[in-house]
Enquirer: 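So that we are looking at the same thing, I have put the structure below in structure tokens.
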Amino acid sequence: MSEAHARSLARTATLLLAFACLLGIALPAGLGWDFANFYDTGRRVAAGQLADIFDASTPIAGVAPSTKLDFYGAPISAFLYAPLAALPPLAALVAFKLAGTAALWAALWLLYREGRARLAGDSAAVARHAARFAVAALLFQPLWTIYRVGGQTTPFAFLLLTLGLLAHLRGRVAWAALCFGVTVLIKPAFLIGFGFLGLLAGPRFIAASLLHGAWLGALSLALCGWPLHEAFLAKMLANAGGVARWTSNSSLWIVPNEIAWRMAGPDANSVALPRWLVLPLQGALLALLAALARWTRREALPPPARAHHDWMLALGFFLLFAQTAWEHYLAV
């Protein structure tokens, strides 16, 4: 591909990307879906009903909630959604989608710029890189699922993990740990990957994670109190191992899960995969990822390459082990 054609393709794909985002923001899709969950959480915080954030059935200031969807963020993360309560639903929907779009574009720009910096000023290579990157972003559906559900917090996790990766590549361990830690507060499911990264990244990363965890935990307890954290932990434990149906689940566990659903019969409301099936598969995955981690220790890789491999391996660990992986999780 010539440099001129590459530049033209990059511009076209970027414009189509921008148009798709504007369309997603303008269409009022998702008012009763994921958006309503975060909107109701913000309304509860603004109404002084912080103790009710994990009970989706409770009225909000005497008014029925928008949805029965449960909130799964850490207690302190509920304050992030309080500004939405100042807006009527449609305006809040647009604001939430705008914020998510800004986070997505910021993360994509940072990743593009990181790749471009490695091309040593070769204008033709930069043009081809821009074309490939823009087309890949345009066609990668998990990035854009958020508009169908009214917005999601995954774009913010995507941005935080991108910032954390870039910090990790540069040896800024404390910043990398903070970015991943805040991601876990917003999306507790990512704790699986965070723990695995700690094992790979070594004592400095573990120490930084513990330090950030201590002050964030103390702040959360001061703002929210222990009973709410107890309810949060109970909710996480009750939800551990839950498996969504294949129509909304992009995890490795879809096939065995569907077999279990069909064996349970048409009247089953929920189903859990048998431990005799889950444990061997998880063991095999752990062995595979451990072998990949060992490979980086045996090869003479430069520190940034090893740091990059560890970070991506941790995210892969999360996506492979999670029995429910919503399709927007694949953005990471």
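For this chain, numbers begin at 1 and follow the sequence in order.
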Enquirer: Nearest 0.5 angstrom please: Leu93 CG to Tyr147 OH, how far?
Expert: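 If we round to the nearest 0.5 Å, Leu93:CG and Tyr147:OH are 11.5 Å apart.
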Enquirer: Going by atom types alone, do Asp40 and Ser66 pair a side-chain donor with an acceptor below 3.5 Å?
Expert: yes
Enquirer: In terms of hydrophobic clusters joined by side-chain contacts under 4.5 Å, are Leu23 and Leu16 together?
Expert: no
Enquirer: Under 3.5 Å, is there a donor-acceptor pair between the Lys187 and Gln152 side chains?
Expert: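 A pair is found: one side chain offers a donor N or O, the other an acceptor, under 3.5 Å apart.
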Enquirer: Treating Ile, Leu, Val, Met, Phe, Trp and Tyr as nodes and any side-chain heavy-atom pair under 4.5 angstrom as an edge, say whether Leu166 and Met312 lie in one connected cluster.
Expert: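 Yes; Met312 is reachable from Leu166 via cluster members.
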Enquirer: Using distance alone, with no hydrogens and no angle criterion, decide if His5 and Ser8 have a side-chain donor and acceptor under 3.5 Å apart.
Expert: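 His5 vs Ser8: no donor-acceptor pair found between side chains.
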Enquirer: For the side chain of Lys97 and the backbone of Gly150, is there at least one donor-acceptor N/O pair under 3.5 Å apart?
Expert: no
Enquirer: State plainly whether one hydrophobic cluster holds both Trp33 and Phe156, where clusters connect Ile, Leu, Val, Met, Phe, Trp and Tyr through side-chain heavy atoms under 4.5 angstrom apart.
Expert: no
Enquirer: Would you mind reporting whether Phe321 and Leu281 have side-chain heavy atoms less than 4.5 Å apart?
Expert: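 Not in contact.
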Enquirer: Kindly compute the distance separating CD1 (Ile206) from CG (Leu199), expressed to the nearest 0.5 Å.
Expert: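 One finds 6.5 Å between CD1 of Ile206 and CG of Leu199.
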Enquirer: Tyr72 and Val149: same hydrophobic cluster, using ILVMFWY side-chain contacts below 4.5 Å?
Expert: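 Unlinked, Tyr72 and Val149 end up in two clusters.
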Enquirer: Going by distance alone, is a donor N or O of one side chain under 3.5 Å from an acceptor N or O of the other, for Tyr329 and Ser251?
Expert: no
Enquirer: Would the number of heavy atoms belonging to other residues, nucleotides or ligands and lying under 6.0 Å from CZ of Arg297 be above 12?
Expert: yes
Enquirer: For residues 224-233, which residue pairs qualify under side chain to side chain donor-acceptor pair (under 3.5 Å), counting only residues two or more places apart or in two chains?
Expert: Ser220-His229
Enquirer: Is it the case that over 12 heavy atoms from other parts of the model lie below 6.0 angstrom from the CH2 atom of Trp105?
Expert: yes
Enquirer: Short question: side chain of His308, backbone of Leu169 - any donor-acceptor pair under 3.5 Å?
Expert: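 No, the answer is negative, given that no donor and acceptor are paired below the 3.5 Å cut-off.
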Enquirer: Run the numbers on Leu233 and Met236 for side-chain contact (heavy atoms from CB on, under 4.5 Å), then give the verdict.
Expert: CA-CA 5 Å; Leu233 292 174; Met236 292 300 103; 5.6 Å; no
Enquirer: Under 3.5 Å, is there a donor on one side chain and an acceptor on the other for Ser250 and Glu327?
Expert: no
Enquirer: Ignoring hydrogens and angles, tell me if any N or O in the side chain of Gln49 forms a donor-acceptor pair with the backbone of Pro59 under 3.5 Å.
Expert: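 Yes, because the side chain of Gln49 sits within donor-acceptor range (under 3.5 Å) of the backbone of Pro59.
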Enquirer: For Ile146 and Phe96: C-alpha separation, side-chain torsions, deciding distance, then whether side-chain contact (heavy atoms from CB on, under 4.5 Å) applies.
Expert: CA-CA 10 Å; Ile146 61 164; Phe96 194 46; over 6 Å; no
Enquirer: Tell me, do Met1 and Leu9 make a side-chain contact under 4.5 Å, heavy atoms counted?
Expert: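 Yes, their side chains come closer than 4.5 Å.
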Enquirer: Would you check if Trp144 and Leu17 make a side-chain contact, meaning some heavy-atom pair closer than 4.5 Å?
Expert: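 A side-chain contact under 4.5 Å exists here.
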Enquirer: Kindly indicate whether the side chain of Leu197, heavy atoms from C-beta on, has any atom under 4.5 Å from the side chain of Phe180.
Expert: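 Yes, at least one pair of side-chain atoms sits under 4.5 Å.
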Enquirer: Return the CG to CD1 distance between Leu320 and Ile192, rounded to the nearest 0.5 Å.
Expert: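 Interatomic distance, Leu320 CG to Ile192 CD1, rounded to 0.5 Å: 10.5 Å.
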Enquirer: Would you give the length of the straight line joining atom CG of Leu191 to atom CG of Leu185, rounded to the nearest 0.5 angstrom?
Expert: 10.0 Å
Enquirer: Do Leu161 and Leu178 share a hydrophobic cluster (ILVMFWY, side-chain heavy atoms under 4.5 Å, transitive)?
Expert: no
Enquirer: Strictly distance-based, threshold 3.5 Å: is any side-chain N or O of Arg44 a donor or acceptor partner for the main-chain N or O of Thr58?
Expert: yes
Enquirer: Contact between Leu90 and Pro28 at the side-chain level, heavy atoms closer than 4.5 Å - yes or no?
Expert: yes
Enquirer: Take atom CZ of Arg172 as the centre, draw a 6.0 Å sphere, and report whether it contains more than 12 heavy atoms from other residues, nucleotides or ligands.
Expert: no
Enquirer: So, do Phe318 and Phe194 have ring centers that fall under 6.0 Å from each other?
Expert: no
Enquirer: Ring pair (Phe, Tyr, Trp, His ring centres under 6.0 Å) with Phe317: which of Phe190, Phe196, Trp311?
Expert: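 When Phe190, Phe196, Trp311 are each tested with Phe317, the ring pair (Phe, Tyr, Trp, His ring centres under 6.0 Å) holds only for Phe196.
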Enquirer: When the aromatic ring centroids of His309 and Trp295 are compared, is their separation below 6.0 Å?
Expert: yes
Enquirer: Drop me the distance from Phe71's CZ to Asp55's CG, to the nearest 0.5 angstrom.
Expert: 13.5 Å
Enquirer: Which pair of heavy atoms, one from Ala177 and one from Ser209, lies closest together, and at what distance?
Expert: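 Residues Ala177 and Ser209, closest heavy atoms: CB-OG, 3.6 Å.
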Enquirer: Has Arg204 got more than 12 heavy atoms of other residues, nucleotides or ligands less than 6.0 Å from its CZ?
Expert: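 It does not: Arg204 CZ has 12 such atoms or fewer within range.
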Enquirer: Is the shortest side-chain heavy-atom distance between Arg7 and Ser123 below 4.5 Å?
Expert: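 Arg7 reaches Ser123 side chain to side chain.
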Enquirer: With distance as the sole test, does Arg306 use its side chain to make a donor-acceptor pair with the main-chain N or O of Glu299 at under 3.5 Å?
Expert: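 Present.
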Enquirer: At what distance, to the nearest 0.5 angstrom, does CG of Asp310 lie from CG of Leu200?
Expert: 4.5 Å
Enquirer: For the ring pair (Phe, Tyr, Trp, His ring centres under 6.0 Å) test, which of Trp109, Tyr112, Phe140 pairs with Phe133?
Expert: Tyr112
Enquirer: Looking only at non-hydrogen atoms, find the nearest pair between Ala56 and Pro65 and report the distance.
Expert: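 Nearest heavy atoms, Ala56 then Pro65: O-CG, 3.4 Å.
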Enquirer: Compare all side-chain heavy atoms of Leu286 with those of Leu289 and state whether any distance is below 4.5 angstrom.
Expert: no
Enquirer: Going through the checks in order, is the side-chain contact (heavy atoms from CB on, under 4.5 Å) test met by Tyr39 and Thr67?
Expert: CA-CA 9 Å; Tyr39 185 54; Thr67 182; over 6 Å; no
Enquirer: So, His328 versus Thr154: side-chain donor-acceptor pair below 3.5 Å or not?
Expert: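 Present: a donor and an acceptor within the cut-off.
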Enquirer: On a heavy-atom basis, which atom in Phe35 and which in Pro89 lie closest, and how many Å separate them?
Expert: CZ-O, 3.5 Å
Enquirer: Given side chains that start at C-beta, do those of Phe38 and Thr153 come closer than 4.5 Å, heavy atoms only?
Expert: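 The answer is yes; the side chains approach within 4.5 Å.
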Enquirer: Evaluate the side-chain contact (heavy atoms from CB on, under 4.5 Å) criterion for residues Ile186 and Leu160: first the C-alpha distance (whole Å), next the side-chain angles of each, then the deciding distance (0.1 Å), finally the verdict.
Expert: CA-CA 10 Å; Ile186 296 172; Leu160 283 165; 3.9 Å; yes
